[in-house]
There are 2 protein chains.
Amino acid sequence: MEKLTIKEIAKLAGVSPTAVSFVLNNKKGVSEKTRKKVREVIEKTNFVPSLNSRRLFFKKSYNISLVIQQSSSPFSDLFYYEITNGILEKSKEFGYNIVFTDISMKGNSMEIPNIIKYKDTDGIIFYQDTERAILREVDKLNIPYVIVDAHSTSSDFTSINADSELLSYTATKFLIERGHVDIALISSSYIPEYYIQIFTGYKNALEEVRVSISPYWIQNNAFNELSAYNCMENILKNALKPSAVFCAGDIFAIGAIRCAKDKGYRVPEDISFIGVDDIILSRYIEPALTTIRIDKALMGRLAMDLLVKKINGESVESIILESDNIVVRNSVKNMDCS
Amino acid sequence: MEKLTIKEIAKLAGVSPTAVSFVLNNKKGVSEKTRKKVREVIEKTNFVPSLNSRRLFFKKSYNISLVIQQSSSPFSDLFYYEITNGILEKSKEFGYNIVFTDISMKGNSMEIPNIIKYKDTDGIIFYQDTERAILREVDKLNIPYVIVDAHSTSSDFTSINADSELLSYTATKFLIERGHVDIALISSSYIPEYYIQIFTGYKNALEEVRVSISPYWIQNNAFNELSAYNCMENILKNALKPSAVFCAGDIFAIGAIRCAKDKGYRVPEDISFIGVDDIILSRYIEPALTTIRIDKALMGRLAMDLLVKKINGESVESIILESDNIVVRNSVKNMDCS
DNA sequence: ATGAAAGCGCTAACAT
DNA sequence: ATGTTAGCGCTTTCAT
C-alpha cells in the first residue's frame, strides 16, 4: 500500500493535489464532480491529512498550554480540575490540543516550561496568580495568554476572575440575614488587591449592622488548611467569641471548622461558618459547608473564548464573574429561630 | 530583525545549516571551533529551532494523549488527577507534550477524539477500562497505548494495575486482625474479572476464620457513592448485622458510611468500614476512613515508562502493582480491646 | 570537517 | 476549474 499523502490521493482521484487540498478545507474552486470524486477516494482510503505539515506551513502548533503551579495543596488542584473541564469542552470546538504543564521550581525561581521556551504553543492559560518574571518572558516570546483566577487584575494582562468583593459581601450578608452580628473573617493577604476586595465586601455588609469589629476577628494569614486552623485558634483566643466566621475559601473553612471542633465548639450550634468556592469536598465534611458557589467550568470556557480571540488578533477585555450563588448546607445556624 | 531560522544562524556564524543542526543535536562531525562559534550565535540570538519542522521531518507529533472517560463522579477525576501528576513528571524527562482528551459519548457509543483520529499523537494513555471498539480503532491506526487502572488484564493490551486480590485480602485481613469475623463486602461486578479478584481476596482472608458467609453481606452492585449507599441498605435489611464492611473503593465506603449513619448506626462503634484507594476525600469524612493506599503517582510514572518504550519499538509487559500500604484512620474499631 | 541539495506533506500563488 | 510549482524549517545523504 502506498503511503497516504495528499499527492497520492490526487493521483487516485485523477486530480491535482491542489484540488484535494481545497476539498479537505471546504474551499471553493473545484467543481462538484471533482469534489465528489475526491471525497470518495478519501472515504475509501481513510485518508487523514498530516497535521504536522500544516503546522509547518502555518507556523502554528495547534497547542494551547495550561500552566498550573505545583501546588502545596491538592485542593487547588481540585478547584482547577473543574476549570479544566470547561476548557476541554471548548477546545474541541476550536480545534486545539490542550497541553498540561506545571511550572516547577528551580531553586528559588520558577522554571519556564519547555513548551513555552520552544514556542510550541499558540497560547497559554495560566492558572492562578503568576510570577511577573514569567509573564514578562512570555511577553517577550510574544505568546498570547490569559490568566484564570488571577485574584488580581491589571491592564497588563487579560484575566478571568470571580468578583471577590461581591462574593465576600454576599457571604457576610447571608450571615447577617441569619441573625449573626459577631462575624469574624479568615482570609489571605498574599495578594494584596484580593485581600482588599475581600475585606471591603465583608466590611460593607457588616457596617450596616455593627459599629465596631474586634481586631482579633480579622485574620489574614490563611493560605491553606493548616494556616486557616491557626487563624481560627487566634480568633478563639480572644474573650469575645464570634457567632459566625466568613472564610474566603472553602479550604480555609475546613481548617477553621476542624479547629473549632478540636476546641470543643459545636458547629453550627456554637459557631457558624460560611465559605467561598464550593469545592467538591465541601459537601462531604461535617457539617456540610454552606458556601458561595463559583462556576468554575464557566471560567474555563470563558478563558478559552478570550484566548482564542487573542490568538486570532482580536482585542479582548478581562472578565469579572459575578457569582453570588449561595449553596445552603448545614454550617450556618439561623439565630432568629434558635 | 531577520526571521530566525537555522539558515539565518548559519549565515551569522559563517557556517552551513548542516553544522548548526549538528550542534543543536549534539552530534559529532563539527570541529570544536565551529561548535563554539555556533553556540555563541545561538546564545546571542536566543534562537530555538522550530519543533514543527522536526515534527514534519520525523513524522512525530511529540504528543502523548491522556484519554479519560467523561466520568459520572468527580472522584474518579480525583483519583486520576494523582496519576496525571506522575505522568507529567516523566513527560519532562522524555520530552513529550501531555495532551488532555476526554472521550465524549455520541449517542450510545464513544466518539474517537480528534487527536487520535488525525494521528496527532505518538502514544496514548487510557485511564480506566476502555471500550474494546475504541481500542480496536486505535490498533488499526497503529498508535501504541497503555491502559492505567484497567481493572482487567489481557494479553491484548499493556496495562498498569493495582493487585486487586492482594488489596482485598489485605483489607479483609486487617479487619480480622482487629477482631472482626462478621465482615460484609461492597464491590462492583461491572468488570467481572475485577470482581473475581476482589471476591477472592476477601474470601481467602475470611475462610481462615469463618465457615459461612451470609449472602446478604455480599453486595456487588456498587459503582458510585449512591449505589454503595443502596448496597449498605441491603446489608442492613438482614437480621444478621456485620461488624465490619470492606468496601472495594473509598467512594463506596463513603456512601456506605452515610447510609449506616442515616440508619442510626455509629461508626465505628457499631459498624466498622475499610476502603481502598486513599482518595483525598477519605481524610476529611467523619470518621476519617481507614483504607489501603494505592500509589497513584507511581502508576502514572510507570505508565509513561511503558508507553515510551512501546513508542520506541521495545516490547513491554503489563505491570501489576503490589500495594498493601494500610492507612489506619478512625473507621475501624478494635474489637479486642473494646 | 564542511556544504550543497533533496525531501518530509501540506498550502497558496500563479499560470493555464 | 484545474494543474504546476515554490516554499514552510528542519535533517540527512552525499559530495568535496
Side-chain angles (χ1 to χ4, degrees), chain A residues 1-42 45-63 95 114 117-122 141, chain B residues 1-39 41-42 45-63 95 114 117-122 141-142:
Chain A
M1 186 169 118
E2 269 300 321
K3 197 177 356 148
L4 241 35
T5 68
I6 225 175
K7 223 167 162 180
E8 183 63 22
I9 299 295
K11 201 191 290 176
L12 290 175
V15 298
S16 75
T18 309
V20 179
S21 176
F22 279 4
V23 172
L24 281 170
N25 297 293
N26 289 315
K27 290 195 175 163
K28 57 180 182 203
V30 279
S31 65
E32 253 335 295
K33 196 166 132 263
T34 309
R35 197 177 290 272
K36 205 177 143 200
K37 195 163 47 180
V38 171
R39 286 235 170 87
E40 276 169 16
V41 176
I42 290 175
T45 53
N46 287 316
F47 170 73
V48 284
S50 151
L51 263 170
N52 289 335
S53 304
R54 319 190 79 221
R55 284 195 168 99
L56 178 56
F57 183 85
F58 289 113
K59 297 190 178 63
K60 280 194 67 155
S61 64
Y62 297 102
N63 289 158
N114 277 336
K117 207 154 63 188
Y118 290 108
K119 300 190 206 177
D120 191 28
T121 185
D122 298 339
L141 261 27
Chain B
M1 186 171 119
E2 270 299 321
K3 198 178 354 148
L4 239 38
T5 67
I6 225 174
K7 223 167 159 178
E8 183 62 22
I9 299 296
K11 202 190 290 174
L12 290 175
V15 298
S16 74
T18 311
V20 179
S21 175
F22 280 3
V23 172
L24 281 170
N25 298 292
N26 289 315
K27 289 193 177 166
K28 55 179 184 212
V30 278
S31 64
E32 253 335 294
K33 198 169 130 259
T34 308
R35 196 177 294 270
K36 205 176 143 200
K37 194 163 46 183
V38 171
R39 285 235 171 86
V41 177
I42 290 175
T45 54
N46 286 318
F47 170 73
V48 283
S50 150
L51 262 169
N52 289 336
S53 304
R54 319 189 80 222
R55 284 195 168 100
L56 178 57
F57 184 86
F58 288 113
K59 296 190 179 65
K60 279 196 69 157
S61 64
Y62 297 101
N63 288 158
N114 277 337
K117 207 154 63 189
Y118 290 109
K119 299 191 206 178
D120 190 29
T121 186
D122 297 339
L141 260 28
N142 223 348

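Note that the structure is predicted; figures quoted are calculated from it, not measured. Naming: A, B, ... by sequence-line order, numbering from 1 per chain.
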*Asks:* What nucleic acid atoms does A/Asn52 come within less than 4.0 Å of, heavy atoms only: base, sugar-phosphate, or nothing?
*Replies:* nothing
*Asks:* Nearest 0.5 Å, what's the NZ-OG distance between B/Lys36 and B/Ser31?
*Replies:*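 B/Lys36 atom NZ to B/Ser31 atom OG measures 11.5 Å (nearest 0.5 Å).
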*Asks:* Counting side-chain heavy atoms from C-beta on, which of D/dA1, C/dG3, C/dC8 comes nearest to B/Val15?
*Replies:*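 My answer, after comparing the listed nucleotides, is C/dG3.
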*Asks:* Any base atoms under 4.0 Å from B/Phe22, or only sugar-phosphate, or nothing? Heavy atoms, all strands.
*Replies:* base
*Asks:* What nucleic acid atoms does A/Thr18 come within less than 4.0 Å of, heavy atoms only: base, sugar-phosphate, or nothing?
*Replies:*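 It contacts base atoms.
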*Asks:* Which nucleotide wins on minimum distance to the side chain of A/Lys59, given the candidates D/dC8, C/dC10, D/dT11?
*Replies:* D/dC8
*Asks:* Of all the nucleotides listed (D/dT11, C/dG9, C/dT11), which has the minimum atom distance to the side chain of B/Arg54?
*Replies:* D/dT11
*Asks:* Between D/dG9, C/dC10, C/dT11, which one does the side chain of A/Phe47 approach most closely?
*Replies:*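 Closest of the options to the side chain of A/Phe47: C/dC10.
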*Asks:* Heavy atoms from C-beta onward define the side chain here; which of C/dT2, D/dC10, C/dA12 lies closest to that of B/Pro49?
*Replies:*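 Given the options C/dT2, D/dC10, C/dA12, the side chain of B/Pro49 is closest to D/dC10.
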*Asks:* Is there a side-chain polar atom (N or O) of B/Ser31 under 4.0 Å from OP1 or OP2 of C/dT2?
*Replies:* yes
*Asks:* Using a cut-off of 4.0 Å on non-hydrogen atoms, how would the nucleic acid contact of A/Lys27 be classed: base, sugar-phosphate, or nothing?
*Replies:* sugar-phosphate
*Asks:* OP1 or OP2 of D/dG9 versus the side-chain N and O atoms of B/Ser50: is any pair under 4.0 Å?
*Replies:* no
*Asks:* Let me spell it out: for each of B/Ser16 and A/Ser53, pick the nucleotide of DNA chain C with the closest heavy atom. Which residue's pick is nearer the 5' end?
*Replies:* B/Ser16
*Asks:* Examine distances only and state if a side-chain atom of B/Ser21 and a backbone atom of B/Pro17 form a donor-acceptor pair shorter than 3.5 Å.
*Replies:* no
*Asks:* Taking atom CZ of B/Phe47 as the centre, report whether more than 12 heavy atoms of other residues, nucleotides or ligands fall under 6.0 Å from it.
*Replies:*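 More than 12 within 6.0 Å, yes.
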*Asks:* In whole angstroms, how far is the P atom of D/dT5 from the NZ atom of A/Lys7?
*Replies:*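 It works out to 11 Å between those atoms.
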*Asks:* Taking the minimum atom-to-atom distance to the side chain of A/Ile6, which one of C/dT11, D/dA1, D/dC10 wins?
*Replies:* C/dT11
*Asks:* Side chains of A/Asp122 and A/Ser61: do they bring a donor and an acceptor to under 3.5 Å?
*Replies:*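 Side chains of A/Asp122 and A/Ser61: pair found under 3.5 Å.
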*Asks:* I want to check one thing: is the phosphate of D/dC8, taken as OP1 and OP2, less than 4.0 Å away from some side-chain N or O of A/Lys60?
*Replies:*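 It does not, given that no N or O in the side chain of A/Lys60 lies less than 4.0 Å from OP1 or OP2 of D/dC8.
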